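In what follows, a structure is listed as C-alpha cells, so that the remarks can point back to it.
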Amino acid sequence: MSFSLIHANELTSLDLLIRIFVAVLIGCVVGTEREYKNRPAGLRTHVLVCLGACMIALAEGLFTANIDTSTSSNVTYNFGRLCAQVISGIGFLGAGTIFTQRKKIAGLTTAASLWNTACLGIVTGYGYYWLSLCGCALVLVTLMLLQKVIRVNAIKRVEVRFSNRAETIPFINEFFEKAGIKVLDLDFHIEAPAEDSPKDGNQYTNTYTLHLPGNLSYTDVINQLAAYPHIYSVRTTNT
C-alpha cells in the first residue's frame, strides 16, 4: 500500500497558509448557519474548532517529518494519535452545547456540527482541500436542506383545553379525520369552574398523542384548533 501524502518538510509557507485559510473558511461557513439559527455554538466557536484541528494536523505532519526512522527497524510509529485525541476530545465541547429543558433535549445537532467541523479541520490540515470542501457542503446540506426535503413528523402530545364538550369533541374528531391525523392515545381530565368564573360549564383538558402526515405540521394543527371559539388553549407537551 502506498500513500501520496506530501511530507510536511516539503510544504512551503504558502501551502501551510492555504490550509489554515481553508480551515477558517469552513468554520465560518458552518458557524454562520448555526449563528443564523441562534444555536449555542456559533461562528467563533466553529472557526476556532476547525482552525485548532487543522493546526494539530499540521503539527502532527511536522513532527512526523522530523522523525528519523532509519536508525531502527524495530520501532513502530503511530502518526494518528494527535488527531485521534482531537476527534475524541472535542466531545466535551459538544456536550456543553447539549442542554435539557422541560424534559426536552436540545443542542444535539450543534454538537454534531462541532464534531464534523473538527474532522473537516483535520482533513484540511492534511491537504485534502476538495475532500474538506465537499464535506463542508454536505454538512450545510444536512443542516439547511435535509429536513425540508425529508420531512419527518415526530409523535408528539397536543394538549387542548376547551368547554362545551358536546360541540367541541365532534369538531376535534372531524378535524383529525379530515387532516389524516392518527390519534394514538388520549388522556383527559375535567375541572369544575370557579364560583366567580364568568364562563358556564366545566373546563375540559384532552391530551392527544398524535401522528401527523408528512404534509402537515404541528403549527398548522395548533392554529386551526385554536380558531374554534370553545377552545381556550392548544399546546404541544412532553409530559
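Nothing here was measured: the structure is a model prediction, and the numbers come from that model.
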- Quick one: closest heavy-atom pair of Ala23 and Cys50, and the distance? O-SG, 3.1 Å
- Item | From SG (Cys28) to CG (Leu51), nearest 0.5 Å | 10.0 Å
- Query: Just how far is it from atom SG of Cys54 to atom CD1 of Ile26, taken to the nearest 0.5 Å?
  - Reply: 8.5 Å
- Message: Other residues, nucleotides and ligands only: do more than 12 of their heavy atoms fall within 6.0 Å of OH on Tyr129?
- Response: yes
- side chain to side chain donor-acceptor pair (under 3.5 Å) with Tyr208: which residues, sequence neighbours excluded? Asn206
- Out of curiosity, Cys119 SG to Leu114 CG, how far, rounded to the nearest 0.5 Å? 11.0 Å
- Message: If the condition is side chain to side chain donor-acceptor pair (under 3.5 Å), which residues does Asn116 pass it with, not counting sequence neighbours?
- Response: none
Can you give me every donor-acceptor pair (side chain of residues 168-179, partner residue at least two apart or in another chain, under 3.5 Å) with its distance?
residue: Thr168; atom: OG1; partner: Ser163; partner atom: O; Å: 2.7
residue: Thr168; atom: OG1; partner: Asn164; partner atom: O; Å: 2.9
residue: Asn173; atom: ND2; partner: Ile169; partner atom: O; Å: 3.3
residue: Glu174; atom: OE2; partner: Lys178; partner atom: NZ; Å: 3.0

- Item | Leu17: side chain to side chain contact (heavy atoms under 4.5 Å, CB included) partners, not counting sequence neighbours | none
Can you give me every donor-acceptor pair (side chain of residues 182-190, partner residue at least two apart or in another chain, under 3.5 Å) with its distance?
residue: His189; atom: NE2; partner: Glu191; partner atom: OE2; Å: 3.3

- Task: Could you grab the distance from atom OG1 of Thr207 to atom CZ of Arg157, nearest 0.5 Å is fine?
- Result: 6.0 Å
- Excluding sequence neighbours, so at least two apart, what forms side chain to side chain contact (heavy atoms under 4.5 Å, CB included) with Val234? Val158, Val160, Ile222, Leu225, Ala226, Ile231
- Note on the structure: Applying side chain to side chain contact (heavy atoms under 4.5 Å, CB included) to Ala53 and not counting sequence neighbours gives Val86, Ala118, Ile122
- Task: Identify the heavy atoms of Gly125 and Arg19 that sit nearest to each other, and give their distance.
- Result: O-NH1, 2.7 Å
- Query: Can you tell if the side chain of Val30 reaches within under 4.5 Å of the side chain of Leu143, non-hydrogen atoms only?
  - Reply: yes
- Message: For Leu131, give me all partners under side chain to side chain contact (heavy atoms under 4.5 Å, CB included), at least two apart in sequence or on another chain.
- Response: Val123, Tyr128
- Which pairs count as salt bridge (charged side-chain N to carboxylate O under 4.0 Å, His left out) when at least one residue sits in residues 158-169, sequence neighbours excluded? Glu159-Arg235
- Message: A side-chain contact here means heavy atoms from C-beta on lying under 4.5 Å apart; do Ile181 and His211 qualify?
- Response: no
- Rounded to the nearest 0.5 angstrom, the CG-CH2 distance for Leu120 and Trp115 is 9.5 Å
- Query: So which pairs with a foot in residues 20-31 pass side-chain hydrogen bond (donor to acceptor under 3.5 Å, both in side chains), sequence neighbours left out?
  - Reply: none
- Item | Listed partners of Thr124 passing side chain to side chain donor-acceptor pair (under 3.5 Å), at least two apart | Ser132
- Transitive ILVMFWY side-chain link Met144 to Val29, under 4.5 Å: yes
